[in-house]
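What follows is a short report on a single structure.
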Amino acid sequence: PPTRDEIALAALRSTARQSNFQPFFTHKRVDQDDDSEGSDEGSDQEEEVEEDSGNESEGPEMDKSKEKAKAKGKGKGKGRAKEKNAPKYIWFPQPQTMPNFLYSYFIDVVHGLVTQREASSRAFKRPELFKKTKSKHASLWLVPPDPTFALASHSFIRKNSLLPRVFLWLPRFLVNFLACPRCGRALDKNGLIPPRRITDVEDNFYIVTWQYYCRHDGCKKTYRGWSPSLLDSLPGTIRLAFPAVLSRKRGLSLNVMTQLRVCNQHKMGPAGVRSLLVEAHTLKFN
């Protein structure tokens, strides 16, 4: 019969295999192909070419290679079935796991907030959230309305209580000059990126940012707003405001990362942290 040490070693190996295959912050196994399912960032019809460890690529957003790939992929029946009168998306296609009310919130509210233009120059306008007024302070967060007021007036709408917080990461409006990390010259906006879902302690929030492009000869680099190289080029007072650590398609908030680090130091593994997050999320929405 196996000894006590052999039984303990077998249990530890079994736990290690489970934690590797299914991390606490995702419902997927890490050995699964991420492109086999629809993601929350609109990647069920648009594949991510590069990973977020660099997020740098050559050429503009709609370069010839991507156009050829999209033309080649048409008519294969992959993804959602298109209706005859289905409207064209103006930002990103609706992911399979995103409810209609949340998709409408991004298209009708968030998209209009970050794409407003000046009437005279047609340049992109500074979002109203970034402006300080007598009644409110400037903020990077778009916070949904408090459901308490709806409950007090007996006009409760369930979907309004499920709207997430949105973090508008637009560093172009936070510095006088947004420089290319490679050549040091000015970056231009190159389209909005699909929102990225971040797991927080009590709920989830989304990050919205632009893609930036260096148009100068000899560089031609593309950076996402959360690219590590672009974040490192910002002043420390601005860089520290970024609230998350990103994975390939999602991310964890800094609060969750701190909680995970402290729990690991006190012998509370990933399974325990995952149970704690599930409990906190359940209490938030129950």
Side-chain angles (χ1 to χ4, degrees), residues 39-43 46-63 66 90-92 95 106-107 109-117 123-131 138-142 164-200 204-216 219-254 257:
S39 69
D40 295 329
E41 295 80 28
S43 58
E46 294 181 351
E47 295 183 357
E48 298 190 17
V49 180
E50 67 279 357
E51 296 188 1
D52 288 321
S53 57
N55 285 326
E56 303 172 10
S57 61
E58 297 285 346
E61 181 184 16
M62 296 298 295
D63 56 2
K66 290 185 179 180
I90 60 175
W91 181 3
F92 62 96
F106 279 112
I107 298 301
V109 179
V110 180
H111 182 269
L113 186 64
V114 298
T115 57
Q116 292 180 348
R117 294 179 180 268
F124 284 103
K125 191 177 180 180
R126 189 183 185 90
E128 295 296 328
L129 283 176
F130 291 9
K131 299 178 182 179
S139 176
L140 298 173
W141 291 91
L142 176 61
R165 294 171 294 147
V166 179
F167 183 77
L168 303 181
W169 182 243
L170 309 175
R172 176 62 185 87
F173 297 107
L174 303 176
V175 294
N176 296 328
F177 179 78
L178 186 61
C180 173
R182 181 180 181 183
C183 66
R185 288 176 284 191
L187 291 174
D188 295 330
K189 295 185 182 70
N190 194 35
L192 273 175
I193 299 175
R196 176 69 62 91
R197 190 179 70 177
I198 307 297
T199 301
D200 203 358
N204 298 325
F205 64 87
Y206 286 81
I207 298 180
V208 172
T209 188
W210 284 87
Q211 182 167 284
Y212 298 95
Y213 175 57
C214 182
R215 300 185 182 276
H216 298 88
C219 187
K220 302 292 185 180
K221 280 288 185 179
T222 300
Y223 302 92
R224 300 183 180 187
W226 50 57
S227 298
S229 57
L230 185 60
L231 290 175
D232 292 339
S233 67
L234 297 174
T237 52
I238 298 176
R239 181 176 65 251
L240 292 176
F242 192 75
V245 176
L246 303 183
S247 61
R248 184 174 182 270
K249 290 189 177 181
R250 292 179 179 82
L252 295 175
S253 70
L254 295 181
M257 294 300 296

N/O donor-acceptor pair under 3.5 Å between R224 side chain and W210 backbone: no
Min side-chain heavy-atom separation F242-L234 under 4.5 Å: no
Audit row: L170, L140, side chain to side chain contact (heavy atoms under 4.5 Å, CB included) steps and yes/no: CA-CA 9 Å; L170 309 175; L140 298 173; over 6 Å; no
Whether R250 side chain and T199 backbone form a donor-acceptor pair below 3.5 Å: no
Least distance between heavy atoms, P194 atom then W226 atom: O-CH2, 4.1 Å
CD1-CG distance between I238 and L231, expressed to the nearest 0.5 angstrom: 11.0 Å
Distance-minimising heavy-atom pair for A244 and I207: CB-CD1, 4.0 Å
Verdict with supporting geometry, L113 and V208, side chain to side chain contact (heavy atoms under 4.5 Å, CB included): CA-CA 11 Å; L113 186 64; V208 172; over 6 Å; no
R117 to F124 six-membered ring, cation-pi geometry met (6.0 Å, 45°): yes
Straight-line distance of R196 CZ to N204 CG, nearest 0.5 Å: 13.5 Å
Approximate separation, where rounding is to 0.5 Å, of L129 CG and L142 CG: 5.5 Å
Qualifying residues under ring-ring contact (aromatic ring centres under 6.0 Å, His included), relative to F167, sequence neighbours excluded: W141, W169
Nearest atoms (heavy-atom pairs only) where F177 meets G184: CE2-O, 3.6 Å
Reported NZ-to-NZ distance for the pair K125 and K131, which is rounded to 0.5 angstrom: 4.5 Å
For the student: nearest non-hydrogen atoms of T209 and L192, plus distance: O-CD2, 3.5 Å
Derivation of the side chain to side chain contact (heavy atoms under 4.5 Å, CB included) call for R172 and Y212: CA-CA 10 Å; R172 176 62 185 87; Y212 298 95; 3.9 Å; yes
Test ring-ring contact (aromatic ring centres under 6.0 Å, His included) applied to F130 - qualifying residues, sequence neighbours left out: none
Side-chain touch V166/V109, heavy atoms, less than 4.5 angstrom: no
Euclidean distance, K220 NZ relative to C183 SG, rounded to 0.5 Å: 10.5 Å
P181 vs D232 side-chain heavy atoms within contact, under 4.5 Å: no
Spatial distance of atom OG (S227) from atom CD (Q211) [nearest 0.5 Å]: 8.0 Å
Aromatic plane relationship, W91 with H111 - under 30° parallel, 30 to 60° tilted, over 60° perpendicular: tilted
Side-chain (R185) to main-chain (R215) donor-acceptor, under 3.5 angstrom: no
Evaluation steps, side chain to side chain contact (heavy atoms under 4.5 Å, CB included), between V245 and L254: CA-CA 7 Å; V245 176; L254 295 181; 3.7 Å; yes
